[in-house]
Amino acid sequence: RGLAQKFNKRLDTADMGRVEGTIIDVLGTVGMAARGLVFGVAGFLLVKAAIDFDPEQAKGLDGTLKVIAQQTYGQVMLAVTSIGIIAYGLYSFAEARYRQL
């Protein structure tokens, strides 16, 4: 939904200014992509744990972020992911304000 910008269907853009709409588009795109990345890695770890019959490999959100941090360039990836998650949080505030009912 983030990269395809399908989240715009839910928003009432008539009340937004041009700059505000652009900022919300960027926050939504970056935030949804980061959220998808984190949940994708968590899902991968869950499937890997099921295949290996090792429940210790299944991770929650905190474990997923630790796995990302332990990779090559993990600190950079974690910083980028954190910025994306912050963008998702800011987008969520905007969605709460401009959501179509």
Side-chain angles (χ1 to χ4, degrees):
R1 285 184 3 205
L3 298 177
Q5 294 187 339
K6 291 184 179 181
F7 56 86
N8 280 336
K9 295 177 187 177
R10 300 181 187 178
L11 301 178
D12 183 13
T13 57
D15 293 340
M16 291 183 209
R18 197 175 92 200
V19 174
E20 190 176 20
T22 302
I23 291 171
I24 291 173
D25 283 346
V26 170
L27 289 174
T29 302
V30 171
M32 294 271 189
R35 180 178 171 239
L37 172 73
V38 170
F39 285 143
V41 172
F44 170 77
L45 294 173
L46 183 66
V47 169
K48 188 172 184 305
I51 290 172
D52 294 342
F53 299 106
D54 186 6
E56 295 296 319
Q57 287 182 345
K59 308 285 185 203
L61 183 60
D62 61 332
T64 301
L65 295 175
K66 286 178 187 175
V67 168
I68 291 173
Q70 293 171 353
Q71 303 305 311
T72 306
Y73 301 109
Q75 296 300 315
V76 173
M77 292 187 329
L78 188 61
V80 170
T81 303
S82 299
I83 290 169
I85 292 173
I86 291 168
Y88 180 74
L90 293 173
Y91 167 76
S92 295
F93 281 118
E95 184 180 24
R97 165 67 175 90
Y98 292 109
R99 179 105 186 213
Q100 291 178 354
L101 298 178

Gln71: partners by side-chain hydrogen bond (donor to acceptor under 3.5 Å, both in side chains), with sequence neighbours left out
none
What distance do Gln70 atom CD and Leu65 atom CG have between them, rounded to the nearest 0.5 Å?
11.0 Å
Point-to-point distance, once rounded to the nearest 0.5 Å, from CG of Asp25 to OH of Tyr91:
9.0 Å
Set of salt bridge (charged side-chain N to carboxylate O under 4.0 Å, His left out) partners for Arg99, sequence neighbours left out:
Glu95
For Val47, the hydrophobic cluster (side chain heavy atoms closer than 4.5 Å, chained through members) also holds Ile51
Stepwise side chain to side chain contact (heavy atoms under 4.5 Å, CB included) test for Tyr98 and Glu20:
CA-CA 11 Å; Tyr98 292 109; Glu20 190 176 20; 2.6 Å; yes
Check residues 77-87 and write down every donor-acceptor pair under 3.5 Å in which the side-chain atom is one partner and the other belongs to a residue at least two apart or another chain.
from  : atom 1 : to    : atom 2 : distance (Å)
Thr81 : OG1    : Met77 : O      : 2.7
Ser82 : OG     : Leu78 : O      : 2.7

Do Val67 and Phe44 share a hydrophobic cluster (ILVMFWY, side-chain heavy atoms under 4.5 Å, transitive)?
yes
